[in-house]
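Below is one structure, written out as structure tokens; comments come after it.
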Amino acid sequence: MANLLLGPLLRRVDGDQAVIWVQTDQPAQVRVRAGDITVTSDTFEAFGVHVGLVVLAGLPVGATVYAVELDGAAVWPLSGYPESVITIRDPGQADAVIAFGSCREASAQTHAEAGHDPDALEALGHRLLAQARTGAPGLPDLLALIGDQIYADGLSAPTRSWLAGQTRPLSAPDGHVVTFAEYVHLYHESWTEMPVRWLLSTVPSVMIFDDHEIMDDWNSSAAWLDEVRREPWWDERSTTGIASYWLFQHLGNLTPDQLGRDPVWTRIRAGEHATAVLTEFATRVATPAGPDPYPWGYTVDVGRTRLVMLDCRGNRVIDGPERRMWPQEHWDHLAEQSRADCDHLVLACSLPWLLAPTIHHGEAVIEVLAAKHPGMERMRQKYDLEHWAAVGHSFDELTALIAGVRGPATVSVLGGDVHHSYVARAAIPGATAAVHQITCSPLHQSIQGVMRTLLRVGWWRALSGPAALVARLFGVPRPGVRWQAYDRPYFGSAVATLTHRGRAASVVIEGTADGTGLYSVLRYDLAA
């Protein structure tokens with residue numbers, strides 16, 4: 001009899017449809033029972049991993065309990081835990097609650113080992129489990145994980161010990177995963193802790209990668225890519241990293257209708273061997289902005305809120321006179337999606353659009369200098385100077401796009417990556433919505449010492465003016481936006497919740513530093 005190794009994960013919920021993802025230890029028939037609806041689907045195999053994807057349709061409005069069977073045997077829910085539910089929203093319901101965060105090393109990466117606060121995603125799972133046991137409401141409508149769901153180059157002590165017992169490629173670097181099986185191990189380490197596993201089974205989730213799913217600084221520049229391609233392990237590393245991301249994260253981002261049009265999924269469902277399909281696909285897309293860039297981004301509508309998930313890594317244009325976050329056709333698609341009839345527009349990406357002003361100007365100057373001096377490029381890589389400010393053309397494009405948004409009461413740009421959390425109000429000439437940068441990072445990571453001091457100093461108003469002047473002297477155009485954080489940034493593990501009620505909006509960022517669960521550290525109203 002097959003066993004359930006990972007999941008069930010409740011992924012996209014769209015209208016009256018829902019997508020359930022599971023991994024099993026051998027080929028199996030997966031049956032999901034949700035109320036009066038039962039759907040059965042066979043698993044498929046990729047790289048020796050067996051995955052099932054079940055699409056349910058015609059679900060009723062409200063919360064419906066569901067259960068999972070493998071080959072006729074019940075495997076979910078687990079004894080001692082609340083039942084998982086699929087919640088279908090009333091089409092007339094306008095409000096939305098979106099939880100989000102980024103940068104999560106697995107809970108095995110402990111406070112004692114790495115100096116982390118307790119895991120914020122696990123703390124959220126504990127809280128929602130407690131609510132479910134008492135019958136209290138309060139599930140978010142959506143969980144958005146916006147980068148670094150795993151760390152392929154930042155391994156826990158248990159994973160390093162596990163790797164020591166594996167047969168690995170001779171060229172494999174210490175402290176990094178390379179093979180598909182090693183990537184699978186990271187997903188198991190991240191998603192099998194019961195509070196997180198239950199959370200992912202009952203709250204719809206969407207995800208996007210940042211660099212650590214592949215490698216630190218992934219696609220930050222042409223020089224970075226040229227250098228890493230010389231490594232004998234890179235081809236396998238990039239192929240298995242992208243293929244495992246597609247299988248474990250991206251596949252569940254797609255609505256049932258989008259699954260029917262996805263070029264990779266349609267080939268697998270037609271009977272082609274998934275290993276060959278994914279290897280060919282991942283090899284092709286490993287080159288940024290190739291001749292046929294794969295659209296990693298997508299759009300989610302929750303009530304009168306539209307969330308557009310942006311890919312800031314996989315399709316960067318890093319050659320030529322103008323580096324860009326993604327090619328022109330993806331910009332055109334973003335502009336189209338941003339013109340939706342909605343009350344709130346949320347642009348979610350792994351990298352913050354707005355950094356501390358002094359740091360923003362510094363990254364912009366380094367971009368200019370790196371184009372002329374190879375030594376500055378090395379400094380840019382060393383200090384991770386790779387954000388929107390370091391891709392000035394795209395920063396200006398995104399600013400102009402936000403300025404042109406008409407109709408929504410708020411535009412919130414969600415970001416992660418930088419291992420601290422803050423909310424900044426932005427002023428853009430001509431903008432009619434209240435615009436904010438909301439950064440929540442890390443879910444479970446840390447930043448220490450001098451870097452904390454530099455990040456705090458970066459928000460000092462006394463320094464932002466001189467930094468802007470220096471940027472002008474180096475030929476950096478004046479940004480079309482002014483911004484300032486409401487308060488000092490928060491350092492420590494945290495998860496954010498963005499709430500939209502009618503045309504009102506608020507955000508709360510909750511930390512875990514006291515070890516007793518989640519507590520509010522930053523809270524703001526976002527209305528104009």
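Residues: numbered from 1 along the sequence shown.
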Say whether, by atom type as modelled, one donor and one acceptor occur between the side chain of [X] and the main chain of [Y] under 3.5 angstrom.
| X | Y | value |
| --- | --- | --- |
| E189 | L186 | no |
| D311 | N315 | yes |
| E363 | A389 | no |
| T159 | S156 | no |
| H444 | P442 | no |
| R452 | I447 | yes |
| R323 | D319 | no |
| D148 | I150 | no |

| task | Take Q437 and T439, measure what side-chain hydrogen bond (donor to acceptor under 3.5 Å, both in side chains) needs, and give me the verdict at the end. | result | CA-CA 6 Å; Q437 170 70 58; T439 301; 3.1 Å; yes

What do you reckon, are the aromatic ring centroids of [X] and [Y] less than 6.0 Å apart?
| X | Y | result |
| --- | --- | --- |
| W265 | F44 | yes |
| H436 | Y524 | no |
| W218 | H212 | no |

Between [X] and [Y], is there a side-chain N and carboxylate O pair less than 4.0 Å apart?
| X | Y | result |
| --- | --- | --- |
| R237 | E231 | no |
| E213 | R313 | no |
| E280 | R267 | yes |

| query | Going through the checks in order, is the side-chain hydrogen bond (donor to acceptor under 3.5 Å, both in side chains) test met by S520 and E510? | reply | CA-CA 4 Å; S520 175; E510 297 176 283; over 6 Å; no

| note | CG (L355) and CG (L455) are apart, to the nearest 0.5 Å, by 9.0 Å

| Roughly how far apart are F491 CZ and Y422 OH, rounded to 0.5 Å? | 10.5 Å

| query | Using 30° and 60° as the class limits, which term best fits the ring planes of W191 and W21: parallel, tilted or perpendicular? | reply | perpendicular

| query | Mind checking whether W388 and W326 have parallel, tilted or perpendicular rings, split at 30° and 60°? | reply | perpendicular

| Minimum heavy-atom separation for L443 to R104, with atom names? | CB-CB, 3.9 Å

| field | Minimal non-hydrogen separation, L518 against A120, with atom names | value | CD2-O, 4.1 Å

| task | Determine, step by step, whether Y294 and H250 satisfy the side-chain contact (heavy atoms from CB on, under 4.5 Å) criterion, reporting the C-alpha distance in whole Å, the side-chain angles of both residues, the deciding distance to 0.1 Å, and the verdict. | result | CA-CA 12 Å; Y294 184 80; H250 183 71; 3.2 Å; yes

